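One structure is given here, and the rest of the page talks about it.
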2 protein chains.
Amino acid sequence: MADDVRWLDSDELQGWIALAGLLFKLPGALDFQLQRDSGLNHFEYTVLAALSESPDRSRRMSDLAGEANGSLSRLSHVVKRLERRGFVRRRPFEEDGRITVATLTDEGYAYLVEAAPGHVEAVRRYVIDALTPEQLGQLKAISDQILAKVDADRSC
Amino acid sequence: MADDVRWLDSDELQGWIALAGLLFKLPGALDFQLQRDSGLNHFEYTVLAALSESPDRSRRMSDLAGEANGSLSRLSHVVKRLERRGFVRRRPFEEDGRITVATLTDEGYAYLVEAAPGHVEAVRRYVIDALTPEQLGQLKAISDQILAKVDADRSC
DNA sequence: GTAGTTTAGTTGATGCTTCAACTCAAGGTA
DNA sequence: TACCTTGAGTTGAAGCATCAACTAAACTAC
């Protein structure tokens, strides 16, 4: 057991504890609003939103997984659920049979349009309006830097 | 359908997308390291760590839930698992039979001591070392402000 | 052209989280 | 005393996420 661990000093600990609280609680709060008002969780919403902004409201599965920050397996399960509810359709891509293209249906689009205002309002209430514009910029830089480290680790 | 939704402008959207990425990916990365190296998830680790810093390594369930940022129900399930593994013990509180006190066992403490260096290293790699000290201070302020809004909503 | 490899996606099992329903103890209140 | 209410925790069921195993298509190279 190496005892040369660089433990966190007081400032580091305080910053980390605050972030950990955020990681535990904000997702739950966002999921709660979406689930209550629209019967979607945050990941499902993100998938629908990503599709709605894609050309032809369509995207291949692995692209979509990246866009929505989830694994391909998770996406596959979720798209199956969304397909059952009539919000998404899947079909194989002609030019390469390995590829599956998911498409947002009109019902799915309509459902997203209903869900969006409540979700945006929640994001505004919890995040945007809680911060100054300057802090929001700081948050973007901070998140990007952390994500870069996480992605570096998990992709290789 | 009211159409007076305050949609997000470009800066707001960029900040939110970056944060959303963080919310989706950082927990997974931390869970992955802990699970692989210690067979714990982040919430379980947090519970053990909270107990280890409590007087007598003991704390009543609802306190502990608050400290670990989880619901009482979630904590109850998790403590049951941790009890099965011999890391925690539970007993009723004499002075008020409604209260349950959870105590970290010696085995649990030893296990936590083994798990801590790897977890701290991951936190350092993903978060602390990715940021300047100034950014870490910003992150604490930002997180606290967001959490205040979330808690205001969910507790009342 | 066929054998092996890589790429894309799906599936099933397992485990964790959440929600609602429940138990049990303690504090009123009449 | 009996009754109601509140508070603390537990439990079971249902849904969701994760992991490993799998299928199938396409490329590679002999």
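Everything numeric in this text was worked out from a predicted model, so none of it was measured. In what follows, chains carry the letters A, B, and so on, assigned in the order in which the sequence lines appear, proteins first and then strands, with residues in each chain numbered from 1.
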Near DNA chain D, counting only heavy atoms under 4.0 Å, which residues of [range] show up?
range	answer
residues 96-104 of chain B	B:Arg98, B:Ile99, B:Thr100
residues 75-93 of chain B	B:Ser76, B:His77, B:Lys80, B:Arg90
residues 36-71 of chain A	A:Asn41

Please determine whether the number of non-hydrogen atoms from other residues, nucleotides or ligands lying under 6.0 Å from atom CG of B:Asp56 exceeds 12.
no
Over 12 non-hydrogen atoms of neighbours within 6.0 angstrom of CZ in B:Arg89:
no
What pairs of residues pass the salt bridge (Lys or Arg N to Asp or Glu O under 4.0 Å) test when at least one of them lies in residues 37-46 of chain B, not counting sequence neighbours?
B:Glu44-B:Arg81
Nearest atoms (heavy-atom pairs only) where B:Phe87 meets B:Leu104
O-CD1, 3.4 Å
Once you round it to whole Å, what is the distance between [atom2] of [N] and [atom1] of [X]?
X	N	atom1	atom2	result
A:Asp31	D:dG15	CG	P	16 Å
B:Arg74	C:dC16	CZ	P	11 Å
B:Phe24	D:dT18	CZ	P	10 Å

Does one side chain, of B:Thr105 or B:Glu107, offer a donor that lies under 3.5 Å from an acceptor on the other?
yes
Decide, yes or no, whether a salt bridge links B:Arg6 with A:Asp129 under the criterion of side-chain N to carboxylate O below 4.0 Å.
yes
Can a donor-acceptor pair under 3.5 Å be found between the side-chain atoms of B:Ser73 and the base atoms of D:dT11?
yes
Quick check against the 3.5 Å criterion: does A:Tyr111 have a side-chain atom that pairs as donor or acceptor with the backbone of A:Ser38?
yes
When you measure from the side chain of A:Arg59 to the backbone of A:Ala65, do you find a donor-acceptor pair of N or O atoms at a distance under 3.5 Å?
no
With sequence neighbours excluded, tell me which residues meet side-chain hydrogen bond (donor to acceptor under 3.5 Å, both in side chains) with B:Gln14.
none
Distance-only check: which donor-acceptor pairs under 3.5 Å involve side-chain atoms of residues 137-146 of chain A, not counting sequence neighbours?
| from | atom 1 | to | atom 2 | distance (Å) |
| --- | --- | --- | --- | --- |
| A:Lys140 | NZ | A:Asp144 | OD2 | 2.6 |
| A:Ser143 | OG | A:Leu139 | O | 2.9 |
| A:Gln145 | OE1 | B:Gln135 | NE2 | 2.9 |
| A:Gln145 | NE2 | B:Ala130 | O | 2.8 |
| A:Gln145 | NE2 | B:Gln135 | OE1 | 3.0 |

Classify the ring geometry of A:Phe24 against B:Phe43: parallel below 30°, tilted from 30° to 60°, perpendicular beyond 60°.
perpendicular
Of B:Gln35 and A:Gln35, whose nearest nucleotide on DNA chain D comes first from the 5' end?
A:Gln35
